[in-house]
Each structure stands twice: as structure tokens, then as C-alpha cells.
There are 2 protein chains.
Amino acid sequence: MNELFRTLHFFTEPGLQQEILEHGKVVSFNKGDVIVRDGQYVKFLPIVIKGAIRVFQQNEDREILLYYVRAEETCTMSLAAAYFDNKSTSHGITIEPTDALIFPASLINEWQLKYPSWNKYILRMFRSRYDELVGSLQRLAFDHIDVRIMEYLKRKGGNRPGKIYLSHQNLADELGTTRVVISRILKQFEKDKKIKQFRGAVELL
Amino acid sequence: MNELFRTLHFFTEPGLQQEILEHGKVVSFNKGDVIVRDGQYVKFLPIVIKGAIRVFQQNEDREILLYYVRAEETCTMSLAAAYFDNKSTSHGITIEPTDALIFPASLINEWQLKYPSWNKYILRMFRSRYDELVGSLQRLAFDHIDVRIMEYLKRKGGNRPGKIYLSHQNLADELGTTRVVISRILKQFEKDKKIKQFRGAVELL
DNA sequence: TTAGCTATGTATCTTTTGATACCGTTTGTA
DNA sequence: TACAAACGGTATCAAAAGATACATAGCTAA
């Protein structure tokens, strides 16, 4: 429960902390669980304590990654959908075992008017999601695919040594390209001793 | 001043309307005026009444368009910067003569806690900026440049007949490509009788 | 062990886009 | 009017990326 308290530190008002503990419920999800589904109304808002939710949109055969919800973060798409009583336009699926604090979306309204730190939290969330997306747009617009792959691997690896588990196909989906292109570039990286490849994983050198 | 009242209708609480009129100031800008500059602290928040502000980021020689602030809208980047007391990371420049309601950014905090309709306005703003950006990302990732040009023209033209005033170079900047590419594709459109070209303008057929 | 699935390697071809260079035309203004 | 700057047309070349096809390797379950 250490992580729970770490998460709570954003919410400086004792009243808010109490409300969160009172109305919130800690739920454990398995890898691959669906948290939100496109077209569904959002009744509950999650704040992730441990793990990660992958949030993405899907049109026809195309898929576009919006963001990952990680520890201490919430899902801005869910928040907005809930707030405006809209159906969700994205999917949210856990990519690893995940614990989240879940509470009724109906509380958002009240909290906004009562707790400044809640507003700060939400606005910071929106802002950083927006910045992330601008970053993606920029990289997509101006960087070549090899740079984008390397950037992605570094970010995913979090600058720590160790294997990063994803297939060429996964990578292609994340970056919006095709498997063949990924294989081609990764092979080149391998020749240049920038990475080591395994079945279903990559290691940065 | 008709437009001013149209803008105000978002703010349903009489108290908020009164505060806006009291603390706000209507300012007229010329085309090309700089509203916010990268690296500058944001002290005032604009709500556009008439006209449009182009908000974009610039790194080295690259430029990336974020959004236009049009009538009844505000600049979410400014808002976030002001709220967190950060310097702006974007530029905002009017692309036509523009009237805006300007008020001290320091009021944001209070209004959030007092007026639900202000919160609603802000969140809707953030949400739609985010959605716009996702759209751009999607088109950039999956559409070919000819489709993107046509989409852009249609949006800019607002499905009305009439000329759309921009040079090939402008278009190239907006779409993150080069002038030659634009000229090439527009020529093709002209051959296919999809558009008519003029110096500094295009007309959809 | 074998069949079947998933993951990866790679060759070939085509398309799209970008880079560069040079041209003529229009427009604004000194 | 003359000159510079902005605008647009076009040719040539190169690079990047996608499409397709097929081969091989590892993993797993019957």
C-alpha cells in the first residue's frame, strides 16, 4: 500500500484525501484486461497505482497510440468522456498486471469546485498528455523511421539495461509502420552493435 | 459587441459574466501581431471574439502547427503555462485582424473553484484541442500527401465556395512538407479539375 | 515427434516524397 | 520605370518507405 500513499501526495487537502479513500476502491487487473472500450459510457475513473494501461484509438484497420497511463496518472480521455457524459472514443487495455484506484466519475464535478489540488492534478495531466502528443507529431513529421525506432526503444527501456519485450509486429503497430520495415532497421541496428535481438525482445547496448 | 455576448453565453453564472466584463478588456490586434512568444511568461489569457490566432512551436528550422484560436475559444497552451507559472513554449500570432477579450491569468484559479461553467469551458477546450491533434497525427501517419492537402483545403474552405487565400509555401508549412511538393500536387489537382489556381489562392471545384 | 503457429530474415520492385536547381511571372515599391 | 522579392512551374535525381513474396527458425500442444 506504499504506492497508494505515494499517489495520494498530489492531493494536498486532507478532505480530498479522505474522500478518495472513502469513495475509491483499489482493484487489481490482469495483463490484457479491458479498462475502457470504444463506444462505452465511462462511469469510473482510474488512477493507476502500479502497472500501465495502454490507451489507443482504432479506425478500420489502423490503430493509433494515445498514451500509457502509469503510476500516479489518470486517463484524460476517460475523464473528459465522463465529465461530458460522452461515450469513450478510445480503448484502454492493461499491458501488465495493474493496480488502480477506481472511483465514480460523478465525483469529478464536486472535487473541481472544492479542491484546488484536484484541478492542478487534472490540468497537469491534460497538459502533459498534450505535450506528449505534440512530441509524437513532431517526430512523425520530421524524423526518419530509424531514429523513431531508437527513440521508442530508449523510452520504453527507460534508460535501464535489460531486455525490452515486444515483437517486430508490436513495434510496427506502435510506430504506425509495417513489420518488414522494422525487421530491416533492427537488423541494421544489430550490425551496428546498437542492439541485440532475441525472439520477442530487444536489448539496447 | 454582438460577438462579445455570443462568447459570454458559455458562462452561465451571472457572477462569472460580471467578473469577465469587469476584469476583462477588449483589445483589437492587427494581422501578424504577436500574442504570446516562446520563452515568455503568460500574464494574460485571451478569449477570441473575432479573428484567429495561429499557435505553433518552433525548433531549429522546423515548425509545428498546434491549433488556431478562433471566436469563442481560448489558448490552452497559454492557460496551462499561466496556471503553472511556466514560460510559454509556443508562439501565438494573429493571422487576421482579431478582437480578443483579455484578462489577468491570475483569475483562473479563483474561477475554477467558483464557477462550474468555467471548468466546463476549459475542459471542453482541452479536450477538443487534444482531439484535433490526434486527428492530425492520424492523417500524418496514414494519409498520403495529396489526401492531406485536399483535406486541409476543404477544412480551411469550410465547405463554402470561394477562394482560399494561401501560397504554396504557406500550405507546405502547415502540412510540414516543402513548396515543390505542394506545387506538384496542386498542379495535378488542377489537371483533374478538382481545383482552380490563382496567385496566392486556390478555389475548390 | 510432428503439425501449425508465431516470429524473423531478406530479396525485389514500386511508389512516394524530398532535395536541388533553374526558369519565368507577378507584385510591390523605391 | 526598374529592381527586388515573392510566387509558381518543372525537370532531374536520390532516398525512404511500403508491398509482396517466400524462406527459415523457434515454440507449443496434441
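All values derive from a computational prediction rather than experimental measurement. Per chain, numbering begins at 1; letters A, B, ... match sequence-line order.
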task = Look at the side chain of B:Arg179 against the base of D:dG9 and say whether a donor-acceptor pair falls under 3.5 Å; ignore hydrogens and angles.
result = yes
message = Are the side chains of B:Leu175 and B:Val181 in contact, using a 4.5 Å heavy-atom criterion?
response = no
remark   = Those residues at least two apart in sequence (or on a different chain) that pass ring-ring contact (aromatic ring centres under 6.0 Å, His included) with A:Phe103 are A:Trp111
query = Could you walk me through whether B:Phe10 and B:Arg124 pass the side chain to side chain contact (heavy atoms under 4.5 Å, CB included) check?
reply = CA-CA 11 Å; B:Phe10 285 118; B:Arg124 183 169 30 224; 3.6 Å; yes
key: From CA spacing to verdict: salt bridge (charged side-chain N to carboxylate O under 4.0 Å, His left out), A:Arg148, A:Glu151   = CA-CA 5 Å; A:Arg148 293 175 52 217; A:Glu151 289 268 316; over 6 Å; no
Where do N or O atoms of nucleotides 13-16 of chain D meet protein N or O atoms at under 3.5 Å, pair by pair?
unit_1 : atom_1 : unit_2   : atom_2 : d
D:dA16 : O3'    : A:His144 : ND1    : 3.4

request  = Please lay out, stage by stage, how B:Ile35 and B:Thr98 fare under the test side chain to side chain contact (heavy atoms under 4.5 Å, CB included).
outcome  = CA-CA 11 Å; B:Ile35 311 292; B:Thr98 298; over 6 Å; no
ask   = Please give, in whole Å, the distance from D:dG18 P to B:Phe142 CZ?
value = 10 Å
inquiry  = Heavy atoms only, 4.0 Å cut-off, all strands: where does A:Gln169 land among base, sugar-phosphate and nothing?
reply    = nothing
message = Near DNA chain C, counting only heavy atoms under 4.0 Å, which residues of residues 198-205 of chain A show up?
response = A:Phe198, A:Arg199, A:Gly200
key: Flag side-chain contact, heavy atom, 4.5 Å: B:Leu153 against B:Leu171   = yes
key: Residue met sooner reading DNA chain C from 5', once B:Val180 and B:Asp143 are mapped to nucleotides   = B:Asp143
Rounded distance in Å - NZ (A:Lys187) to C1' (D:dA25) = 12 Å
task = Determine to 10° how strongly the helix from C:dT1-D:dA30 to C:dA30-D:dT1 is bent, judged from the axes of its five-pair ends.
result = 30°
query = At under 4.0 Å between heavy atoms, what does A:Ser183 touch on the DNA or RNA strands: base, sugar-phosphate, or nothing?
reply = base
task = Begin with the C-alpha distance, continue with both residues' side-chain angles, and end with the deciding distance and a verdict on side chain to side chain donor-acceptor pair (under 3.5 Å) for A:Asn170 and A:Ser167.
result = CA-CA 5 Å; A:Asn170 293 154; A:Ser167 68; 3.2 Å; yes
Verdict with supporting geometry, B:Ile149 and B:Tyr152, side chain to side chain contact (heavy atoms under 4.5 Å, CB included) = CA-CA 5 Å; B:Ile149 294 175; B:Tyr152 184 88; 5.7 Å; no
ask   = Is the B:Tyr130 ring parallel, tilted or perpendicular to the A:Tyr67 ring (thresholds 30°, 60°)?
value = perpendicular
request  = Sort out for me which residue in A:Arg54, A:Arg179, A:Lys156 forms a salt bridge (charged side-chain N to carboxylate O under 4.0 Å, His left out) with A:Glu174.
outcome  = A:Arg54
ask   = Distance under 6.0 Å and angle within 45° of the ring axis: does A:Lys120 meet both against B:Tyr83?
value = yes
Name the atoms and distances for all side-chain donor-acceptor pairs under 3.5 Å in residues 195-203 of chain B, with sequence neighbours left out.
unit_1   : atom_1 : unit_2   : atom_2 : d
B:Gln197 : OE1    : B:His168 : NE2    : 2.8

ask   = What is the distance, rounded to the nearest whole Å, between atom CG of B:Asn170 and atom P of D:dC7?
value = 7 Å
inquiry  = For B:Asp146 and A:Lys191, find the nucleotide of DNA chain C closest to each by heavy atoms; which residue's nucleotide sits nearer the 5' end?
reply    = A:Lys191
remark   = Min and max contacting nt of DNA chain C in 5' to 3' order, chain B heavy atoms within under 4.0 angstrom, are C:dT16 to C:dT27
Whole-Å distance separating the NE2 atom of A:His168 from the C1' atom of D:dA25 = 13 Å
remark   = Between CD1 of B:Ile195 and C1' of D:dG8 the distance, given in whole Å, is 12 Å
message = Under the criterion side chain to side chain contact (heavy atoms under 4.5 Å, CB included), I'd like the reasoning laid out for A:Phe29 against A:Ile53: C-alpha separation, chi angles, the key distance, then a yes or no.
response = CA-CA 10 Å; A:Phe29 297 98; A:Ile53 306 170; over 6 Å; no
query = Would you call A:Gln57 and A:Ile64 a side-chain contact if the rule is heavy atoms closer than 4.5 Å?
reply = yes
task = Find the distance B:Gln188:CD to D:dG8:C1' and express it as a whole number of Å.
result = 16 Å
